[in-house]
Structures are given as C-alpha cells and as structure tokens.
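A short worksheet on the structure shown next.
The figures that follow rest on heavy atoms only: side chains count, while hydrogens, waters and symmetry mates do not.
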Amino acid sequence: MDTIYPSLVHIVGEGYASFRREELFTYSKDLGTSEPKWPDYVAAPKTAEQVAEILKLANREKVPVVPLGGGMSLAGLALPLKGGIALDLKRMDRIIEVNEKGRYAVVEAGVSHGKLTAYLHNQHPHLMHSEPGAPPAATIGGNLAIHGQGDLAHPYGFNTDMINGMEIVLPTGEICKFGSCAVGAGWFTLHPLPDVGLFLGWNGATGIITKVSLRLFPYKKFREMEIFVVEDENLIPEILYELTHLGLTEDLVAFSSAIPPFSDRLHHVSINVTGDSEAEIELKRRLIFEVKLAKYIESGVGGIAAVSQAIQRPQVSKSADWKKGGGFEYVGSIMPVSAYPECYRRGAEISTRHHIPYTILGRVIGCGHAMMFSWSYAFNRADEKTVRHAREALHETDNIVMDLGGVIWKPAVFGQELLLAKMDVNTLSLMKKIKLLLDPNNIMNPGNWEVD
Amino acid sequence: MALAEYQYNDVIHRCFRCGYCKFPTDWSDVTNCPAYARFRLESYSAGGRLWLIRAWVNGELEWSEHLADIVYSCAACKNCVEKCPLSFNEDIVNMVTAAKNEMVEMGLVPRGVKKFLNNVQLHGNPYGISAGRRTGWMEGKSYPAYQGQEFLYYVGCEGSFDTRAQSAARALGDVLTNSGVSFGVLGEKEVTDGNEVDLLGEDALFESVAEKNIRQFKKAGVNKIITLSPHSYNAMKNSYPRFHGDFEVFHYTQILADLIKKKRVRGVSGPDEEEKITFHDPCFLGRWNQEYNAPRNILKSLPGLTLVEMPRNKKGAACCGGGNFYTDLLGGSEESPARIRAREAAATGAGILAVACPNCLTMLEDAVKVEGLENRIKVRDIAEILV
C-alpha cells in the first residue's frame, strides 16, 4: 500500500498533495521544448518545517524530490526526470520583513517577483529589488536556484550576488541558516562567516532554499529608457564599454530581432536611466548621448532610436506567441561582452536554418565583466515539427556557447553534460563529494547536475 | 478520444502558462484567480486549466470527475482575461466554457452541476424550489405586478429564494418605490436569467431559458429592465440580443446613481457616527461590463460614510468565488476566495463591506461569519444601505 501519499497529506494538509493524474500532468510539462517527465506526487508545503518533514520522508522512502518555484526556467530544470515528488513552493509566500534603512527584505522562497515589486511599491516606495526578465510569477527562490539576473545586473551583478542570507532545508531534512542570521543577528549580511555557498545555481540538487534576505536598492522616482541603434554588430562591445565606464545606468541590454521587420539586422542598446530629479536625468542623458555616444552619431554609424520611454516590465510571454504557437525556449549563456558580434551572427544563422525568427539579447552584468547572452527560439506547441526545430536549434546553440568559450546559463540536461565534460577534473570531483555529502541518497532533483 | 469539434482547437495551445493570469492589476499576489487561490496547485490556475483542457481535447488525458471538477472550478471572473498579455486573452473564459459545452454534450459534468441544470430545467431556478414560492421574497409587501410600467424589476433566483438575498431584493423594491420609479415585477412568472446555465456550458437550455424570458418580456410590453443581480444584467444585456431580445437593461446601481444625481432618492440617512465603507466589485458588473463608477458614486454620495478601497479593486478586484456559488467547488477552506476577500475587506478598517450582487452578498456574509469578523464588519447590499 502506498504510504507516501497519506504521509504527504499529513504533512501539508488535505488538498495540498495529490497523486491524481490531472495534477501530475501539469507538473510533468514545463513551458519549453522538454519532453514530459511525470512526478508520482505533488505537494505544496507552507513552511520550512513541512519541507523538512517531506525531505525526511523522501530519504526514508528513497523517493526523488524536485523543488519548483514559478516553473519559468523553460529548460526542464524543475521537471521530475526520475519521478518522485514535485514540491511546489509557491505557498511559501510571506514577505517577512523589510528593513528600510538597512535596505533588505526577508522573504519566503515562494514569493513571486511580482508580489515583492508590488509590496515595495506600496509600502516602501524608495526601495526596489532586481527583477528578472521572466514573468512576474517567477519566484525569488527559483531565481536564485538558477543564478538568475535581472534589471540591476549592470550596477550590482547576478541576483545571487544580491543576497544577505538564506535559510536552506538540507536534503536530509535539517534546516540551516547562512549569513548573519545564523548567529542570531539580523539578516543584513552574508559575510564574513566561512563560505558555505553550496546551494546557488544547483537547481535544488543540494538543498531547498526556503528563506532569503534580498538586498534592496534605491528606487529613483524619475525613470526612463533610451534606445541607441547601430547597424554594425561589431560596434556593440565598444559601445557597452563606453557606457559601463560611465556607470550611470540601471540596466544595459543590447538586442536584435527579426520581428518587428523594421528592427531586423539592427542592434539596439536599451539604456535605463533613473534619477531623483529631471535635472539628474537630463545630465545623465547628456553624458550618454553627447559625450559617450556622440562619435557614433557624428560619424553616422549610430543613432538615437528613442529617448524618455517608459520603463516597462518585459512581457516575454509575447515571444512565445510569435508563431501563434504558445511556445519558446532560449539558451542563456554567460559570455564576455566582446563575444556579442559572433554570438549574434551564429545565432541568426541557426534561426534562419530552422525557420525561426531570430531574437538575441545581451544584458551587461557588472561593469562589463560579462553579459548574459540569450538566443530565443519560438515554436508552435501544436506543431511537433516546429518543436523539433526549436529543440535542435537549442542544442546547436549550447554547442556554440562552448565553442565561443562561454558558460551555459541554467543549462538543460544536454547543456549540463557539455559543461561537465569540460569541467576541471578536480572541480568535478569536489562537486561529486559535495553532492554525496549533502544528499547521500541522491533524492534531490536527480538527473540535474549529476556528476557521474 | 480527441474532440475534433472543440471550438478552440486552433487557439488553446497558445497559452504559454506564464502565470500573468494569477495576478491582480497591481501585481500584489498570485491569488487573484479564485480557483488557484483556493487550491494552490498549478492545475487550478487559468493556464493549468487550459493545458488540461487541451490534453483532454487531444485525447492525451481521459475525462475523469476530477478533471471535470477542475474545469468547473473556474468561476468565470475574467481576471485572466484582464491580465493575460496575449492577443487571444478575450477567449480564455470562452475556451473553458467551450470545454464545459463538450462535457455537457457527453453527459460528463460534476454532480452539483448536473443538479443545478436539472433544477433549472424542471423548476426554472437552480434551487429546485417550486415556482409558486417565487414571490416569497416580498414577505407581505405589495410591489406592483408588471403591467406596462417604465421598468421591469427582474429579481432573479438568489433574490427570490435565498433568505439573505431576499432582504436585498426587498430593499431595492423599497428604494425604487420611495424614489417614485415606475416599475413592476413578474412574481411567480419570473424564471431564471440563465447566466450560469450559459457559463456551465448548457447551450440548449440557455437558449430555451433566454427565449422563454424574451417571449414573456415582449408579451408584457417590457422595454426597460432593472436587475438586482449583475449576473442577470450580464445575460440580458450581452446574451439575449443573440436571440432578438433587445431590451434596455440596467443594473440597479446604474439607475440609483442617476436618481441620486437628480436628487430623487428620498429618505436616505447616514450612520450616527462617521463610518468607513469599502466596496467589493462584482465580476459581472466590473470585469464583464466595465461598470466601476455607478456603485462608487452612490456610496460617495451617502452622508456619514467614507469610501475606502481594498487594495484589489475595480479591474483588479478579487472574486468572491460566487460564480461557483451553486457547486461550491471553491468553498470550505480558510483559503476559499470569499474568506480571503472578507479578511481583505476587514483589513481596510471599514465597518461595512458593501456589495452590489446577491451572490457576493451571501458568499461574503458567510465568509465574514466563518472568519469571526462579524463584530468588525457587516456585509450590506447597496440597496440595503439606501433603505
């Protein structure tokens, strides 16, 4: 007799666990091109203690556990590759504390980015956090589990560089804290205690993030987006170098796409500028266009496409509907900014070959230290041929990332295997030891970052 | 078994399941889809439901009672329509209703739905109460029978039969009388408006109900209708014209807002002490018909009352789950949409939660009681406040 289901109900409460096919169906598919992978159960815990109980149960029963946030990774990272329990963390959605003067928020991992943005807007209008380009239903914990980055990446780096502390449930069920909170102090810093950064970017394979202290940043009242455009992709790295030297913007993104047609083969740089006054904005605009970008404008190779545009939440779901087909998936990579031209050319070539309108985008991380470069491939969910084309294009793109000396970001299993094959052997060995130490029964998201 | 006849076969795969449909306009939480708020599993979100319907339509999933429950858990509140950024958003609720149509055709609906539809067919109301008791709401009052007056006052099933909603129905009758509005009622001859029949997917029964009402209205010489319920208002305003039922239809708040502006509503007195009031937008008045101002204009005009908004209001209002009132697929939990809404209303500090829909009235009053908030906030239909 199955004892797991009643145990899950006992832990999370009636209605928040299921083994019925209709629920499992939904968790067997993500939004991208991955083949369905069915869980055996789904459970939606409300507290870290419930998560801990479930992990103890899973260890006893040797059942895999796959944590899930908003389910927006697209690359199958929250699909139960080897069955088991899909752990939907979105009921853990409390905003526990916002420290206005210390500029941090302590939240449960299932809080959506949309909810935190709205809360700050209403209760702490001088503060903001970095929102990823994903839909607002993406969760704080999910984003950290994949080393996400968002709209403050230029000044402050990856989202995982913006945390002051975490609560993690280890695969064996212990609840641990990291950062100043671990010694009973506030959640204001991750340092200077010994580094135990073993959980970020692991897709939940080493433990489940349940609470996070996120750094918040000043929200400037005056906000606008400028767009600069060039035809020659080779100019993009030096333009980004100029703008990162200036260091006055909140977000720097270079992009090009075949749709809409008027933007085809053009390269746009969106520049988010904010300030406490109109005068500050104007000064920044002047420095950007009349100082740093003036030479491109004067020589006729670049132009101002738009100024003073409202900064809007990106609606990436619209990319999914370009083929009136409800699907897209992308390869993300962390690349040197200098690779932009080659990334664009090779991505456009792949898209053309697979009959997919190309969409590429590079977001500057840090002071030009790297960029997150993505190639998106839309497909029609109702047309298997287009799904196959997109899947092939994604795999080819993974190989390009490796060819160009980049690192695949939030790789699907195919990309993980490429990375692990090139991994330094001692690093690989360390990863294996860490995984074995933390997850002796290999219950956590098995199939993801599997070193063997 | 694939359903080749499903009306939205060429669209339904376009849902990306991005989750915008869970949010209100201010992005404050993922709980603005009432079914998702109640169950918190992806299958109950608007996107999850569309993916399940597609799987059923394609033959990937077999029909089951649980599948039917999930499909019917949609309260048709249209929050998803409001929030989805894609071009097919207007059809999201239609896609769900079309799946219900298929289930009705095949006789595969949840038991509660079947009972609802049977009752409408046999008795002209979803409660299964004999038509002869339809005038019970008047409780000795003598509202005039409709005999060519300017307006037909259409009470609807909740106002006629539900004890709590009857009070709102009488209050509206009294306000209209006191304001000198020329109106009459159908009494025992009234039958259901059919709004829920339509949304539960019983096309043929809806057509029959609509045609019966239209015939009756035309025979009696009705040109203008005032409805107590936004559900009736929606059916008569938006669906009856399909069957040549072209009447001027008003929700009562629209009439009263106009009368107040013309200073024709008499005898309204405010509370003894200044009091805060908050308003819950009914989905079939707000998102379905974009009427957000009339009820607010009434409340703002009342002496001694200060209108305070809940964070989720107007286009972003949280549904009380009343679209599922009769099947109770969303009830019975601390996280039922009505209880969430009752807590949100109480958190405003208002002493009165005003509603303009008999479904919302009963849902929220029950929720306030279960939450133990009766001493903090009272639920009142706007008509009751005006009496």
Side-chain angles (χ1 to χ4, degrees), chain A residues 12-18 20-31 36 42-44 46 68 70-72 74 86 88 90-91 93 110-119 121-122 134-139 313 315-321 323-328 380-383, chain B residues 9-32 36 38-45 47-56 58 60-71 83-89 311-312 316 332-335:
Chain A
V12 298
E14 188 76 44
Y16 296 116
S18 178
R20 289 190 280 201
R21 199 162 169 78
E22 295 78 11
E23 262 78 59
L24 303 185
F25 168 83
T26 320
Y27 291 91
S28 75
K29 299 194 176 201
D30 83 351
L31 318 186
V42 55
K46 182 74 180 158
L68 172 87
M72 302 291 157
L74 307 183
D88 186 331
K90 291 191 287 296
R91 282 181 73 217
D93 59 358
V111 168
S112 69
H113 280 274
K115 177 171 178 166
L116 183 57
T117 298
Y119 184 83
H121 178 77
N122 292 328
T139 63
R313 186 192 296 275
Q315 293 190 323
V316 293
S317 339
K318 286 187 174 171
S319 306
D321 211 36
K323 281 181 174 283
K324 299 270 182 279
F328 91 104
N380 184 337
R381 206 173 290 285
D383 179 351
Chain B
N9 264 329
D10 60 338
V11 185
I12 195 163
H13 63 277
R14 288 171 62 188
C15 167
F16 185 52
R17 231 174 80 199
C18 57
Y20 277 76
C21 50
K22 297 173 181 170
F23 286 93
T25 41
D26 72 350
W27 305 101
S28 58
D29 211 340
V30 292
T31 56
N32 232 43
Y36 181 71
R38 164 67 184 82
F39 294 104
R40 296 305 290 268
L41 295 175
E42 283 298 317
S43 37
Y44 286 90
S45 68
R49 190 179 292 108
L50 292 185
W51 281 43
L52 277 172
I53 290 171
R54 180 170 176 246
W56 175 57
N58 285 344
E60 200 178 337
L61 272 184
E62 290 293 313
W63 180 90
S64 66
E65 280 193 35
H66 189 52
L67 176 70
D69 278 348
I70 293 171
V71 171
K83 287 305 296 183
C84 173
L86 299 180
S87 59
F88 59 83
N89 56 7
R312 296 185 284 180
S333 157
E334 195 178 336
E335 299 309 318

Got a donor-acceptor contact below 3.5 angstrom from the [X] side chain to the [Y] backbone?
X: Y119(A); Y: D29(B); value: no
X: H13(B); Y: K324(A); value: yes
X: R17(B); Y: D30(A); value: no

Interface moiety of [X] toward chain A, non-hydrogen atoms closer than 4.5 Å:
X: C15(B); result: backbone
X: I70(B); result: side chain
X: L86(B); result: side chain

- Message: Please confirm whether the ring centroid of F39(B) lies under 6.0 Å from the ring centroid of Y16(A).
- Response: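 No, ring centres 6.0 Å or more apart.
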CG (L116(A)) and OG (S28(B)) are apart, to the nearest 0.5 Å, by 12.5 Å
Self-check item: Distance (rounded to the nearest 0.5 Å) between D26(B) CG and H121(A) NE2
Solution: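 Taking CG in D26(B) and NE2 in H121(A), the distance rounds to 8.5 Å.
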field: Pair E42(B) + K90(A), salt bridge at N-O below 4.0 Å
entry: yes
Original post:
Between E335(B) and K46(A), is there a salt bridge with N-O shorter than 4.0 Å?
Top reply: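 Result for this pair is no, no salt bridge flagged.
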When you compare the side chain of [Y] with that of [X], does any pair of heavy atoms fall below 4.5 Å?
X: T117(A); Y: W27(B); value: no
X: F25(A); Y: L61(B); value: yes
X: F16(B); Y: L74(A); value: yes
X: T26(A); Y: L41(B); value: no
X: P136(A); Y: Y20(B); value: yes
X: E22(A); Y: S64(B); value: yes

- Query: Out of A43(A), G71(A), G114(A), which one racks up the most heavy-atom pairs below 4.5 Å with chain B?
  - Reply: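 Counting heavy-atom pairs under 4.5 Å, the top option is G114(A).
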Based on non-hydrogen pairs under 4.5 Å, which of S18(A), A118(A), A138(A) is most in contact with chain B?
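Most pairs with chain B among the choices: A118(A).
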Practice task
Let me see the working for R21(A) and H66(B) under side chain to side chain contact (heavy atoms under 4.5 Å, CB included), right down to the final yes or no.
Solution key: CA-CA 9 Å; R21(A) 199 162 169 78; H66(B) 189 52; over 6 Å; no
Does E60(B) form a salt bridge (Lys or Arg N to Asp or Glu O under 4.0 Å) with K29(A)? I'd like the steps, not just the answer. CA-CA 13 Å; E60(B) 200 178 337; K29(A) 299 194 176 201; 2.7 Å; yes
Minimal heavy-atom distance between A137(A) and C18(B), with the atoms involved, is CB-O, 3.7 Å
Residues passing the salt bridge (Lys or Arg N to Asp or Glu O under 4.0 Å) test with K83(B), sequence neighbours excluded, are none
(Q) The criterion is side-chain contact (heavy atoms from CB on, under 4.5 Å); which residues satisfy it with S112(A), sequence neighbours excluded? (A)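 Testing S112(A) for side-chain contact (heavy atoms from CB on, under 4.5 Å), a comparison that skips the adjacent residues, returns K115(A), F23(B), V30(B).
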Applying a strict 4.5 Å limit to non-hydrogen atoms, the region of R91(A) in contact with chain B is both
Chain B contact via Y27(A) - which portion, at a heavy-atom distance below 4.5 Å: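 Contact with chain B is through the side chain of Y27(A) alone.
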Worked check of side chain to side chain contact (heavy atoms under 4.5 Å, CB included) between Y44(B) and E23(A): CA-CA 9 Å; Y44(B) 286 90; E23(A) 262 78 59; 3.5 Å; yes
